[in-house]
Amino acid sequence: MSTIPATPSAATVPPITEDPTPPSGRRSRRPGLNVNSRWFPYVLVFPLALVLFGYVVQPMLATFGESVGVDGPANWASFLTGDGVARSALVTSLLISAASVLLCGVVGVAMAFLLKRFSFPGRRIIEAIILVPAALPPLIGAISFQLLYSETGILPRALQQLFGTENPVLPFSGIAGVLVVHTFTMYPFFYLATSAALVGMDPSVEEAAYNLGASRVRVWRTVLLPMLTPALVSASLLVFMTSLASYTAPLLFGVDRTMTMQIYINRTNGDLPMASTYASVLAVVSVLFLLGMRWYEGRRSYRSQSKGVASHRRELTNPFARWLALLASLLAVVVLLAPVATIALVAFSRDGSWTTEVIPSGYTTQNFVTIFSDPDAYRPILNSLQMSLLATVGCVVVGVLIAYAVRRLDFRGRGLLDVAVMLAWALPGTVVAINLISAFSTGNAFSFGQVLIGTFWIMPLAYFVRFLPLVFRSSSATLAQLDPSLEEAARNLGASWWRAFGTVTLRLMLPGVLAGALLAFVNGVGEFVASVLIYTSETAPISVEINNRMYSFEVGTAAAYGMLQVVLIFVVMVVSGRLQNGGRAAREGVKWTA
């Protein structure tokens, strides 16, 4: 007779325990450091921190050391209590920057409200071209406004002929000319930030305030302004920092008493310690303003708790208002396209043919033939492309890894790494140039014992320092939208960290990385502020060649170089937009598949 085996009691059942050994992909069995080790983030971050220290922080310290060297007390005493040039330059730079923030804020915010809140004839045309000023390189933007609005510009001369006056009518010069350039080239910072905030703003909050009897002024002060504060702070920071670092507009409109101009003048005169003193003060002001604006923005929360829908544009029904809007739209189109049209027109003019006429009298295509066929004229183009490409490669490698470290790894000092990258962005181009001059006029460990000043390599290094934040921010923003579980899944299936990073994370980041790389590349091609302090005759880039040709009265050839830069930037803008759209589609596809 068979017997039924007794059911084991609970006391005899061995306890169920979790296997302490994770699946094969979760623990590296290969020789070397385990990627799950708590030391792995530091192994990855250490070389990145070393790069930032060697090429951002250490040059800043070298500049400060230069300013407080043998003649340090005399330099700082001259700055603080000298003939007043230094104090005047600092005050002028601050006033220009503050006025630029105010003017750009008025223009940018007003344009954002008109285009995002109202529907009127000509709105689509303005929306299509409103960012055209942002596509102009700084030097070309300043030159185009000089050709348009200065005493020898097209508009004052045209008005002079129209009204029969002895002198040009309504010319811009000095600080007024600088503010005109800053306003029309920097208002897109406010427009973009305010537009994004308005599109995402819940209209029910504003409507509730009106229903409770609030006036338009009170609604703006208590509802709209607080909700727009993050956008306005961000735009103010960008405009202020860009204005403070501006060199081309003061140079072309004859404003010598600014910090950037004094740095250039002292450097050109061979007084590097005094130039370093100016650079140190400018760097301190830039960093303090950056920290102050970030503190102001972080004081309170500006989130809306409502669940309303996006606002709709209001249709203008008044016939007079519609006609007025149409005329204003046509005027805006002319104003926005005039700088690019001016550069295009002058690019086809014969060198030396434009003297006292309203517009050039002789035209030719030889300017474009010259810059591509003459070896001496083609060299600046080749220099810019080579140096920008090298700098962009460095920005991609370092920027992507820093973005990954800041976003995905947990280690002490992560905030300092982020601040170091922001520090590189906060420094004006003239300060970056002086820092590199101070640090690499002699050999050190970070230059492998070589003197870099006067060589080809100092230029790509300057571009790398200046535009690394562009790749970092673009990569970081893209990485913030990716689910970490995708990489973890690859690791759980047996992939090493490097393979998971390369085939999953980096592949999904690629559109954002490429967009940042394209921006870094095109900014490198148009860079002028740092280049003018450290270039040599053999390494002159396009921007320096444009400036030299302008001073040689070869305006047509200079404009041809400028038109080449403008076309390149427009191409990059189109490609970047498609890459970002493609990146969003790819991420949505991955999420849907998962």
Side-chain angles (χ1 to χ4, degrees), residues 128-145 147 185-186 188 242 248 336-348 365 367-374 377-396 429 459-460 462-464 466-468 470-471 474 511-532 535 539-550 555-581:
I129 65 172
I130 194 167
L131 297 181
V132 165
L136 294 174
L139 179 62
I140 292 301
I143 288 176
S144 66
F145 280 91
L147 297 176
T185 56
M186 299 179 193
T242 307
T248 53
L336 291 173
L337 293 182
V340 178
T342 300
I343 293 297
L345 175 70
V346 178
F348 289 97
T365 59
N367 297 331
F368 290 95
V369 174
T370 299
I371 65 175
F372 286 109
S373 60
D374 184 0
Y378 181 69
R379 185 188 304 151
I381 299 176
L382 186 61
N383 286 341
S384 288
L385 294 177
Q386 288 178 336
M387 294 183 294
S388 298
L389 183 60
L390 287 171
T392 301
V393 171
C395 289
V396 169
M459 302 284 283
Y463 298 170
F464 167 78
R466 292 210 67 194
F467 306 123
L468 172 63
L470 293 177
V471 179
S474 179
V513 173
L514 288 177
L518 287 172
L519 288 176
F521 177 77
V522 80
N523 275 276
V525 171
E527 210 286 329
F528 174 68
V529 179
S531 301
V532 75
Y535 82 97
T539 62
I542 294 177
S543 55
V544 171
E545 185 68 14
I546 291 173
N547 187 60
N548 294 340
R549 297 272 182 169
M550 289 291 295
V555 181
T557 304
Y561 280 116
M563 201 62 205
L564 181 64
Q565 288 183 322
V566 171
V567 171
L568 178 62
I569 289 178
F570 274 112
V571 171
V572 168
M573 288 177 65
V574 172
V575 174
S576 296
R578 294 193 175 185
L579 284 174
Q580 290 173 352
N581 293 334

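For the numbers below, each heavy atom of this structure counts, side chains included, while hydrogens, waters and symmetry mates do not.
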Looking only at heavy atoms, what is the nearest atom pair of [X] and [Y], with distance?
X: Leu136; Y: Pro339; value: CD1-CB, 3.8 Å
X: Ala347; Y: Met563; value: CB-CB, 4.4 Å
X: Pro188; Y: Leu131; value: CB-CD2, 3.9 Å
X: Thr539; Y: Met459; value: O-CE, 3.8 Å
X: Gly562; Y: Ile343; value: C-CG2, 4.3 Å
X: Pro138; Y: Thr248; value: O-OG1, 3.6 Å

Next on the checklist: Could you walk me through whether Val555 and Met550 satisfy the side chain to side chain contact (heavy atoms under 4.5 Å, CB included) test, starting with their C-alpha distance in whole Å, then the side-chain angles of each, then the deciding distance to 0.1 Å, before giving a yes or no?
Outcome noted: CA-CA 5 Å; Val555 181; Met550 289 291 295; 4.2 Å; yes
Okay, side chain of [X], backbone of [Y]: is any donor-acceptor separation there less than 3.5 Å?
X: Thr185; Y: Gly141; value: no
X: Ser474; Y: Gly512; value: yes
X: Asn523; Y: Leu519; value: yes
X: Ser144; Y: Ile140; value: yes
X: Ser384; Y: Pro541; value: no
X: Gln565; Y: Val525; value: yes

Checklist entry - Is the count of non-hydrogen atoms from other residues, nucleotides or ligands lying under 6.0 Å from Tyr535 atom OH greater than 12? => result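 No - once you tally the heavy atoms of other residues, nucleotides and ligands closer than 6.0 Å, there are 12 at most.
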Could you measure the distance from the [atom1] atom of [X] to the [atom2] atom of [Y]? Nearest 0.5 Å is fine.
X: Leu518; Y: Leu568; atom1: CG; atom2: CG; answer: 9.0 Å
X: Thr392; Y: Phe464; atom1: OG1; atom2: CZ; answer: 11.0 Å
X: Leu336; Y: Ile130; atom1: CG; atom2: CD1; answer: 6.5 Å
X: Asn367; Y: Tyr561; atom1: CG; atom2: OH; answer: 10.0 Å
X: Leu382; Y: Met387; atom1: CG; atom2: CE; answer: 9.0 Å
X: Leu345; Y: Leu147; atom1: CG; atom2: CG; answer: 9.5 Å

Checklist entry - Taking the six-membered ring for Trp, is the centroid-to-centroid distance between Phe348 and Phe368 below 6.0 Å? => result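 They qualify: ring centres under 6.0 Å apart.
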Checklist entry - Could you go step by step and tell me if Tyr463 and Ser531 meet the side chain to side chain contact (heavy atoms under 4.5 Å, CB included) rule? => result CA-CA 9 Å; Tyr463 298 170; Ser531 301; 2.8 Å; yes
Next on the checklist: Determine whether Val544 and Phe528 satisfy the following criterion, side chain to side chain contact (heavy atoms under 4.5 Å, CB included), listing intermediate values before the conclusion.
Outcome noted: CA-CA 6 Å; Val544 171; Phe528 174 68; 4.2 Å; yes
